[in-house]
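Predicted model, so just to flag it, every value in this text is computed and none were measured. Values reported hereafter were calculated over all heavy atoms of this structure, with side chains retained and with hydrogens, waters and symmetry mates removed.
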Amino acid sequence: MVHPDQVKAAIAQALPDACVEVEDLTGGGDHLQVKVVSSAFAGLSRIKQHQLVYGALRSELASEAIHALALQTATPAA
């Protein structure tokens, strides 16, 4: 189980300009929906964008503190 604030902090450390929203889908802290908007995603494929976020959450995913992650990524609107 991981607290949404921990997820936000981990992503913010990897992507300092990111706007992050985290929703706990089940109340158990291990099934999360995460939306990340960052200029770091500019010019990257969706797969590369997701890989950046997965990298930021590497330890949480490896330890299975996060069991399921629904992820949406985007660049800031112009």
Atom pair [atom1]/[atom2] of [X] and [Y] - distance to nearest 0.5 Å:
X     : Y     : atom1 : atom2 : result
Thr73 : Phe41 : OG1   : CZ    : 5.0 Å
Thr26 : His67 : OG1   : NE2   : 9.5 Å
Gln72 : Gln49 : CD    : CD    : 11.5 Å
Leu69 : Glu60 : CG    : CD    : 10.5 Å
Arg58 : Ser63 : CZ    : OG    : 12.5 Å

Of all heavy-atom pairs between [X] and [Y], which one has the smallest distance, and what is that distance?
X     : Y     : answer
His31 : Asp24 : O-OD1, 3.5 Å
His50 : Leu71 : CE1-O, 3.4 Å
Leu57 : Ala10 : CD2-CB, 3.9 Å
Lys35 : Gln33 : CE-NE2, 3.6 Å

Exercise for the section: With side chain to side chain contact (heavy atoms under 4.5 Å, CB included) as the test, would you mind laying out the steps for Leu52 and Lys48 before giving the verdict? Expected result: CA-CA 6 Å; Leu52 285 176; Lys48 294 288 186 188; 6.0 Å; no
With a 4.5 Å cut-off on side-chain heavy-atom distances among I, L, V, M, F, W and Y, is there a chain of contacts connecting [X] to [Y]?
X     : Y     : value
Tyr54 : Val7  : yes
Leu15 : Val22 : yes
Val2  : Leu61 : yes
Leu44 : Ile11 : yes

Practice task
Determine whether Gln51 and Ile47 make a side-chain contact, defined as any pair of heavy atoms from C-beta on separated by less than 4.5 Å.
Solution key: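 Sidechains of Ile47 and Gln51: in contact.
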Practice task
Decide side chain to side chain contact (heavy atoms under 4.5 Å, CB included) for Asp30 and Leu32; before the verdict, give the C-alpha distance in whole Å, the side-chain angles of both, and the deciding distance to 0.1 Å.
Solution key: CA-CA 6 Å; Asp30 62 347; Leu32 304 175; over 6 Å; no
Practice task
Look only at the side chain of Glu23 and the backbone of Val34, and say whether a donor-acceptor pair between them is shorter than 3.5 Å.
Solution key: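 Between the backbone of Val34 and the side chain of Glu23 there is no qualifying donor-acceptor contact (under 3.5 Å).
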Problem - Test item: Asp17 side-chain N/O and Ser38 main-chain N/O as donor-acceptor pair under 3.5 Å - result: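 Pair absent, no side-chain N/O of Asp17 close to backbone of Ser38.
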